[in-house]
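Worksheet: one structure, shown below.
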Amino acid sequence: MPEGPSILIIKEILDPVFTGKRITGVKGNAKVDKDLFRNKKVEAIRSWGKHLLIQFPGFTARIHFLLFGSYSVNEQTKPAKSLRLALLFGKKGVYFYTCSVKILEGDPDDFYDWEGNLLSKKWNPAKARKKLKAIPSAMVCDALLNQEIFAGAGNIIKNEVLYRIRLHPETLIKNIPPRKLAALITEARNYSFDFLKWKKELTLKKHWLAHTKKTCLRCKLPLVKKYAGKTKRRTFFCTNCQVKY
DNA sequence: TGCCATGTTAAACT
DNA sequence: GAGTTTAACATGGC
C-alpha cells in the first residue's frame, strides 16, 4: 500500500465516489475530534506523496498508511480495534485501518509543495535538482527517500531507480555527474508512473529488477543486500553495474 | 513459527 | 543543541 503511486490509486478510487458528498457519520479510534466532520461536505480528495488528503471546508483529514495501513469501501472488513477512521455517507462509506490520521487546519496548498510531488502535473525537476544540490554530502539512497525532495518515493522506487540508471546507492550527491543527476530525477518520476501502471495491473512485483532480487539481470553476478545510508533501509544493488562516483 | 517489511515519529543517547 | 540511534506502532506474508 504505502508508496506514492499506491496512494494515488486510492485517491482515484475514492474521489469520484465521495467528493461532494455530505458526511452522515464517523467511526473509529483515531485520536481526532469526530464532531469536526459532522454534516461536512467533502470538497476534494487528493494525494501528495504518501499522504491521502480528504478536504473539508476549513480543514483536511490526512491519512498516512505507514507500513501496514489498509482501507475498504462501503463495508467494514477488519476488526473494530484496527478501525482508525470511517467516514460514512448514508449507505456508503470509506474505512481506514491501522493508519495515521491527522487533522490539518486550513488550506493544504499553503503547506504542501506540489512541485515536489513525483506524480503531480506540477512536478518540477529543476526544483528537485536545486534541493539535491543543497545536500551535497548525502548519499543518493537517502536522498531518494527524502519526501521533501521526492514526495511519494519509497524503498522499492529507490532500489529500482538506482538500478535502472546504474548508480551505486552510496554515491554522494556532490559526486554524481550532471547527466547522471538528471537521469536520477527523470527516472524517479518515470518509474513512479511505471509503478502506478503495474500496481493497477497487479503485476508490480513481477517487474522488479533489483528489489528483493538475488542476481543482477545484466551481468548475472549476485546483488548486494545492504541496509545502506542513514535511512538504513534494505538496498539491493550490483557493485559491477552500478557505478560509484 | 518467527522474522521481516512498500514508513514515520519521538524518545533516548552521544 | 545537533546529530545519531533506538523504540514504538502494528499487520500479513513467507
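In the text below, chain A, chain B and the rest are named by the order of the sequence lines, each starting its count at 1.
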| said: Between A:E12 and A:K200, does any NZ, NE, NH1 or NH2 come within less than 4.0 Å of an OD or OE carboxylate oxygen? | reply: yes

| Has A:E75 got more than 12 heavy atoms of other residues, nucleotides or ligands less than 6.0 Å from its CD? | no

| Atom pair distance, as rounded to whole Å: CG in A:L67 and C1' in B:dC3 | 14 Å

| query | Phosphate oxygens OP1/OP2 of B:dA5: is one of them under 4.0 Å from a side-chain N or O of A:Y227? | reply | yes

| said: A quick test of your reading: do over 12 heavy atoms of other residues, nucleotides or ligands sit less than 6.0 Å from NZ of A:K41? | reply: no

| Protein-nucleotide distance (A:F65, atom CZ; B:dG7, atom P), rounded to Å | 14 Å

| field | A:Q242 side chain vs A:L167 backbone, donor-acceptor pair below 3.5 Å | value | yes

| note | Each base of DNA chain B marked ( ) or [ ] if paired in-strand (Watson-Crick or G-U under 3.5 Å), | if paired to another strand and . if unpaired gives .||||.||||||||

| task | Return the value, rounded to whole Å, for the distance between atom CD1 of A:I156 and atom C1' of B:dA5. | result | 10 Å

| task | Provide the distance between the two C1' atoms, one in C:dT4 and one in B:dT6, to the nearest whole Å. | result | 25 Å

| Given atom NZ of A:K31 and atom C1' of C:dA8, what is their separation to the nearest angstrom? | 12 Å

| query | Testing A:V42, A:V101, A:L85 for side chain to side chain contact (heavy atoms under 4.5 Å, CB included) with A:I54, which one passes? | reply | A:V42

| Nearest-Å distance for atom pair NZ/C1', residues A:K232 and B:dG7 | 16 Å

| Nearest-Å distance, CZ (A:F236) to C1' (B:dC4)? | 11 Å

| message | Whether A:K199 and A:E3 form a salt bridge (side-chain N of Lys/Arg under 4.0 Å from carboxylate O of Asp/Glu) is what I want to check. | response | no

Identify each atom pair where a protein N or O and an N or O of nucleotides 8-11 of chain B are less than 3.5 Å apart, giving names and distance.
from: B:dT8; atom 1: OP1; to: A:H64; atom 2: NE2; distance (Å): 3.3
from: B:dT8; atom 1: OP2; to: A:K50; atom 2: NZ; distance (Å): 3.1

| task | Go through the steps to decide whether A:T171 and A:N175 satisfy the test side-chain hydrogen bond (donor to acceptor under 3.5 Å, both in side chains), and finish with yes or no. | result | CA-CA 7 Å; A:T171 305; A:N175 296 333; over 6 Å; no

| request: Return the value, rounded to whole Å, for the distance between atom CZ of A:F96 and atom P of C:dT11. | output: 17 Å

| query | If you find the nucleotide of DNA chain C closest to A:K230 and the one closest to A:K81, which residue's nucleotide is nearer the 5' end? | reply | A:K230

| Taking atom P in both C:dC9 and B:dT1, what distance in whole Å separates the two? | 23 Å

| C:dT11 C1' sits how many Å from A:L83 CG, rounded? | 15 Å

| said: Return whichever of A:S82 or A:K205 has its heavy-atom-nearest nucleotide of DNA chain C closer to the 5' end. | reply: A:S82

Under 3.5 Å, sequence neighbours excluded: what are the donor-acceptor pairs made by side chains of residues 57-65 of chain A?
from: A:R62; atom 1: NH2; to: A:S100; atom 2: OG; distance (Å): 3.3
from: A:H64; atom 1: ND1; to: A:L66; atom 2: N; distance (Å): 3.0

| query | Under 4.5 Å between any side-chain heavy atoms of A:R234 and A:H211, yes or no? | reply | yes

| field | P spacing across the pair B:dC4 / C:dT6, given as an integer number of angstrom | value | 16 Å

